[in-house]
Amino acid sequence: MSASVIDFIATEARFGARNYEPIGVVLSRGEGVWVWDTEGNRYLDCLSAYSAVSQGHCHPKILAAMVEQAHRLTLTSRAFHNDQLALFYEEIAALTGSHKVLPMNSGAEAVESAIKSVRKWGYEVKGVPDGQAEIIVCANNFHGRTLAIVGFSTDAETRAHFGPFAPGFKIIPFGDAAALKEAITPNTVAFLVEPIQGEAGVIIPPAGYFTEVRELCTANNVMLVLDEIQTGLGRTGKLLAEQHEGIEADVTLLGKALSGGFYPVSAVLSNNDVLGTLRPGQHGSTFGGNPLACAVARAALRVLVEEGMIENAARQGARFLEGLKDIRANTIREVRGRGLMLAVELHPEAGRARRYCEALQGKGILAKDTHEQTIRIAPPLVITSDEVDWALERLATTLTQDFS
Ligand SMILES: *Cc1c(COP(=O)(O)O)cnc(C)c1O
């Protein structure tokens, strides 16, 4: 390790809040599925910044849109109109079939905005008594890090010593439609759920779950809010993960890949009157909907479609999953995934997933462990068959090692 590598890591540790525990690599450049560290070593990025860099690192067309827009106009605030927001609305609405759009920045902000909007809808449209709105969420959810959101997390570490928390949330098991039916009351305004639980370790619900969920929500006038911040925009091999289930959410949350990793851009999409309840002055964001964000998001959506990234995610995801299933290693408990949202769960006796991720780093692959025993694999959607095979070879040799 050169002095500069030690220095970056040590300096971060000295000055930074220690809210992350990064793998020991200092990255300085990225292109497509590849990233390079400060010493020039190349790695295949199998995390894609938690699926934000789906279009590949530094995509030239998104870069060009960003630079061009940055030269013209970056921020107006919503106190004035700008000449990018309307175009962003039009294009994202056409692509997703949504009627209304609320632009925000981070994913957590989109979730918070949806919570505010469905509560308001509950009081003003559904007729829930003031202050009584209930939102149902799932155990092992991940929706972000703000106070309201961590308040309904079931992960002890996520919540500990951050309370008191906001009331009005009810937690049920994921993948259990009967539990949802049981939990709905006349005051339930929404069911907030991830189509596939990403941070929980790529947990795919049983077939038919979302059909039942959709029926229950419709029958009880409950808004189905799908958090597609990680699953959306091609990651699972469809534009939206809901398409695998043949359903439509009432409210869809997007973030992460909405900017191709260039800039924080998120959005709340609704195909009903949930967003229609917001009036001037009732919600906002200084940066939300700014022209730079809109130009970047427009380019990020355009390349996703024009360059066939969604179809590629389906094709390469199937190849990757099949390849992982073919690896014969005692360390592997289960392999699962949909599109390029994949995970290898290790047997508890195999040792911590973190150790395997460090070994993979030595072989030129950056992947991230989650929940001790699971290695998550989510490369950019531009990955080729040769690159998938290259990754599989290295995964096979690493997973047959024993780090217990
Ligand atoms: C990442 C993520 C979020 C939060 O997004 P941030 O931009 O980190 O605030 C919310 N929901 C899901 C499903 C996510 O994966």
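Whatever order the structure lists them in is the order used to number ligands and atoms, beginning at 1. Side chains included, hydrogens not; waters and symmetry mates left out as well; all remaining heavy atoms used.
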Task: Lys NZ or Arg CZ of R119 over W121 ring: under 6.0 Å, within 45° - done: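 Pair R119/W121 does not count as cation-pi.
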
Can you confirm whether more than 12 heavy atoms, excluding those of [X], are under 6.0 Å from its [atom1] atom?
{"X": "Q282", "atom1": "CD", "result": "yes"}
{"X": "E182", "atom1": "CD", "result": "no"}
{"X": "E124", "atom1": "CD", "result": "yes"}
{"X": "H371", "atom1": "NE2", "result": "yes"}

- [ ] Could you check which of H143, R235, E199, K256 puts a non-hydrogen atom nearest to atom 14 (C) of ligand 1?
- [x]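 When every heavy atom of H143, R235, E199, K256 is considered, K256 comes closest to atom 14 (C) of ligand 1.
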
Checking the N or O distance criterion of under 3.5 Å, is ligand 1 in contact with [X]?
{"X": "G144", "result": "no"}
{"X": "I229", "result": "no"}
{"X": "Q230", "result": "yes"}

Task: Atoms of ligand 1 close to D227 [distance to a heavy atom under 4.0 angstrom, numbered from 1] - done: 10 (C), 11 (N), 12 (C), 13 (C)

Task: A108: numbered ligand 1 atoms lying under 4.0 Å from its heavy atoms - done: 4 (C), 5 (O), 6 (P), 9 (O)

TODO: Please determine if R319 and D389 form a salt bridge, counting it only when a charged side-chain N lies under 4.0 Å from a carboxylate O.
DONE: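 Between D389 and R319 there is a salt bridge, with a charged N closer than 4.0 Å to a carboxylate O.
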
TODO: Starting from atom 5 (O) of ligand 1, locate the nearest protein heavy atom and write down its residue, its atom name and how far away it is, to 0.1 Å.
DONE: G107 CA, 3.3 Å

Open item on the list: Contact between ligand 1 and F142 is defined here as a heavy atom of the residue under 4.0 Å from a ligand atom; is it met?
Closed with: yes

Task: Of E90, E91, Q69, the residue whose pairing with R298 passes side chain to side chain donor-acceptor pair (under 3.5 Å) - done: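 It is E91; the other options fail the test.
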
Open item on the list: Quick check on atom 8 (O) of ligand 1 - does any protein heavy atom sit closer than 4.0 Å to it?
Closed with: no

